[in-house]
Amino acid sequence: MMTGTQQTHPVTLETLHAMCQRGEKIACLTSYDASFTRVLESAGVDMFIIGDSLGMVMMGYESTVPVTLEDMLHYAANVARAGQKAWRIVDLPCGTYETPAQALTSARRLVDEGGAHMVKLEGGVDRVATVEHLVSNNIPVCGHVGLLPQSVEKYGGYKVQGRDAAGAAAILADAQALQQAGVGMLVVECVPADLAVQITVSVEVPVIGIGAGVACDGQVLVLYDMLGITSGRLPRFAKDFLQENGSVRAAVAAYVKAVKDGRYPATEHSY
Ligand code: KIV
């Protein structure tokens, strides 16, 4: 068994902002357990999202909607116990941030019991008061715009967002409102690459893309998608890095290098 002893300088939000300013891409993956966390850190991942995608890939749900705060605490604590270096963002699951006060109670548990460095919530203009409340209580927040998986029932499936002018303008406005409210980072999911460019140039905080083209300040993938072990059809934006690289560690190192070099996502992974 490998133990995590080699990492000494933790990645901070300042580190990530500095990388963004000097044009160094941020390589992020989801993680949900201790062993993968150690391998991913040793392969150079800068940041983890302990995403509520765990409801689908770890727990077998059809969507992220049934995931509870207790579920998130369990998986986040797994990662926190093993993590030595990478920045850790933990999702506020569906229904746990309906009001600013509820969001603060939930977020404090993710930080105190789940070892979160930052919490992530889905939404835009409608979440401004919540983000302001969290930030004014010293909870770092990452916004999540574009496709919002917790609202999948409203969209009728996982569909690219912002394809028409009105939809694109609304997502851009969401990103700007969240920055104004104080988020320290943004995830942009499943939008056309040219919209992601507009978002990335119009906000100062790092923009992490998933299905949003190569221009974002960094990239994230669901770990099991990039290892090609997700059941069903892989989304267009995902790439199986394990197929060409022989081991999990080599696959993750290849992903990190491809992100840093701006070779992933390629055009065929973008909308
Ligand atoms: O739940 C998740 O995995 C996410 C992705 C954007 C990484 O939020």
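Just so you know, ligand 1 is whichever comes first in the structure, and atom 1 is the first atom listed for that ligand. Note that the numbering runs from 1 along the sequence shown for the chain. These numbers were taken from a predicted model, which means no experiment stands behind them.
Within 6.0 Å of NZ on Lys260 lie more than 12 heavy atoms contributed by other residues, nucleotides or ligands. Heavy atoms from other residues, nucleotides or ligands lying under 6.0 Å from CD of Glu268 number more than 12.
Residue contacts with ligand 1, taken as heavy atom pairs separated by less than 4.0 Å, involve Asp52 via backbone and side-chain atoms alike. At a heavy-atom cutoff of 4.0 Å, ligand 1 is contacted by no atom of Leu221, backbone or side chain.
Protein heavy atom nearest atom 8 (O) of ligand 1, with residue, atom name and distance: Lys120 NZ, 2.7 Å. For atom 5 (C) of ligand 1, the closest heavy atom belonging to the protein is Ile210 CD1, 4.3 Å.
Note: an N/O pair closer than 3.5 Å links Asp91 and ligand 1 by distance alone. Here's the thing with Ser53: one of its N/O atoms is less than 3.5 angstrom from an N/O atom of ligand 1.
Tested against Ile208 for a side-chain contact (heavy atoms from CB on, under 4.5 Å), the candidates Lys120, Lys25, Met47 yield a single pass: Met47.
Between Phe237 and Tyr271, the ring planes are perpendicular. Angles over 60° get that label, and only those under 30° would be called parallel.
Interface atoms of ligand 1 facing Thr30, defined by a heavy-atom separation under 4.0 Å, are 3 (O), 7 (C). The atoms of ligand 1 that sit less than 4.0 Å from any heavy atom of Gly51 are 1 (O), 2 (C), 3 (O).
Side-chain contact between Leu148 and Tyr155 is present, with heavy atoms from C-beta onward closer than 4.5 Å.
Residues Cys216 and Ala196 share a closest heavy-atom pair of SG-CB, 4.0 Å.
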